[in-house]
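The structure appears below as structure tokens.
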Amino acid sequence: MGHRQRRRRGPGGPSQITATLSIPFVGEISGTWQPADAERSAAWELYLELVTRVSVEDLRPDEGFLREALTSLYTFFGTTRDILRRYGPDVAPPLAPGHVSFGVLAVTVLNRVLRPLLASWHPRLAAYESRRPEGRDPVDWERSWEHAEALRDQLNEVRRTLASLARTLQKVADVSDLIDLPAPRSPGLGHPPPQVRGTVTAAATERAPGRFPTRRGLSAVRPVRASGWECRTRMSTLAHSV
């Protein structure tokens, strides 16, 4: 049997793409991006930072923590500057009109999107947090803030810009979609996971009188009815054992 050789990847991807970013409450920038190898590597690093933070997921009403979101964006600001510094001038070459680069997109997001948000909202939220009574739940206190909904709306505007940037970086880095990953099936819906299915089948085999597995396997075992309470109890026990 032949063995498939592992493909060793170097910098690669499209030679040219059209990049467009919407800037909240300002407009949009767009242009042709012809990435160099250094830009492809930098694009992968920044893409990884975006998809592993809360940066690209919308905050729904009564969900998430505003302080956590602001902190994540603040640290992302520093990480982006570090990437720009490490890769240097190669990611920000001189450009003809109508063209963009990794440097142009990254600095635009920092200065036109993140800096205004953080400069406006970080001190306002910090001042409100400082007035939290002793013993009051921080999340409950934050959600009772009169400006919480306005901040949540602006965070979601910023997230849409960051999601657009992430899609552009994904194309340039020529990597898989790591944003819209398939959600795992809940054990409470549909079929139970394999470990539970195997245990339930074995339990059914024990309780079915006069029936034993044949050469066709366990499919020949007669199904056993159980009460709803019994099923819930058994599934709860199994969930704690796997």
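FYI, side chains are in, hydrogens and waters are out, and symmetry mates aren't considered; it's all heavy atoms of this structure.
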Picking from Val107, Thr168, Val91, what satisfies side chain to side chain contact (heavy atoms under 4.5 Å, CB included) with Phe102?
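Going through the options one by one, the only one that passes is Val91.
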Q.
One pair to check against salt bridge (charged side-chain N to carboxylate O under 4.0 Å, His left out): Arg167 and Asp177. What are the steps and the verdict?
A. CA-CA 8 Å; Arg167 292 297 183 194; Asp177 180 0; 2.9 Å; yes
Calculate, to the nearest 0.5 Å, the distance between atoms [atom1] and [atom2] belonging to [X] and [Y] respectively.
X      : Y      : atom1 : atom2 : answer
Leu21  : Arg112 : CG    : CZ    : 12.0 Å
Ser164 : Arg160 : OG    : CZ    : 11.5 Å
Leu162 : Leu46  : CG    : CG    : 9.0 Å
Glu146 : Leu151 : CD    : CG    : 12.5 Å

Quick check: closest heavy atoms across [X] and [Y], and the distance to 0.1 Å?
X      : Y      : result
Asn111 : Pro116 : O-CD, 3.5 Å
Leu50  : Phe76  : CD2-CZ, 3.5 Å
Arg143 : Ala148 : O-CB, 4.5 Å
Ser101 : Ala92  : OG-CA, 3.9 Å
Leu66  : Glu142 : N-OE2, 2.6 Å
Leu118 : Leu70  : CD2-O, 3.7 Å

Is it true that His122 and Arg67 share a donor-acceptor pair across their side chains at a distance under 3.5 Å?
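On atom types as modelled, these side chains qualify, holding a pair under 3.5 Å.
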Output yes when a side-chain donor or acceptor of [X] lies under 3.5 Å from a complementary backbone atom of [Y], and no otherwise.
X      : Y      : answer
Ser144 : Trp141 : yes
Ser130 : Ala127 : yes
Ser72  : Glu68  : no

If the condition is salt bridge (charged side-chain N to carboxylate O under 4.0 Å, His left out), which residues does Arg131 pass it with, not counting sequence neighbours?
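Checked Arg131 against salt bridge (charged side-chain N to carboxylate O under 4.0 Å, His left out); zero matches.
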Using a 4.5 Å cut-off on heavy atoms from C-beta on, say whether the side chain of [Y] contacts that of [X].
X      : Y      : result
Thr161 : Leu165 : no
Glu49  : Thr80  : no
Glu45  : Tyr87  : yes
Pro14  : Trp33  : no
Leu73  : Leu155 : yes
Val113 : Pro24  : yes
Asp90  : Asp37  : no
Arg115 : Phe77  : yes

Next item on the list: List for me each residue that meets side-chain hydrogen bond (donor to acceptor under 3.5 Å, both in side chains) alongside Arg136, sequence neighbours excluded, and say none if there are none.
Entry: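 Applying side-chain hydrogen bond (donor to acceptor under 3.5 Å, both in side chains) to Arg136 gives Asp140.
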Margin query: With side chain to side chain contact (heavy atoms under 4.5 Å, CB included) as the criterion, how do Trp121 and His147 come out once you've worked through the C-alpha distance, each side chain's angles and the decisive distance to 0.1 Å?
Written below: CA-CA 10 Å; Trp121 286 100; His147 301 297; 3.8 Å; yes
Exercise. Under the side chain to side chain contact (heavy atoms under 4.5 Å, CB included) rule, what do Arg81 and Leu110 come out as? Steps first, then yes or no, please.
Key: CA-CA 9 Å; Arg81 285 191 302 190; Leu110 294 186; 3.8 Å; yes
Handout entry: Geometric class of the Tyr47/Trp44 ring pair [parallel <30°, tilted 30-60°, perpendicular >60°]
Key =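 Tilted: the ring planes of Trp44 and Tyr47 meet at 30° to 60°.
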### Query
Any ion pair linking Glu149 and Arg152 (charged N to carboxylate O, less than 4.0 Å)?
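Judged by the 4.0 Å cut-off on N to carboxylate O distance, Arg152 and Glu149 do not form a salt bridge.
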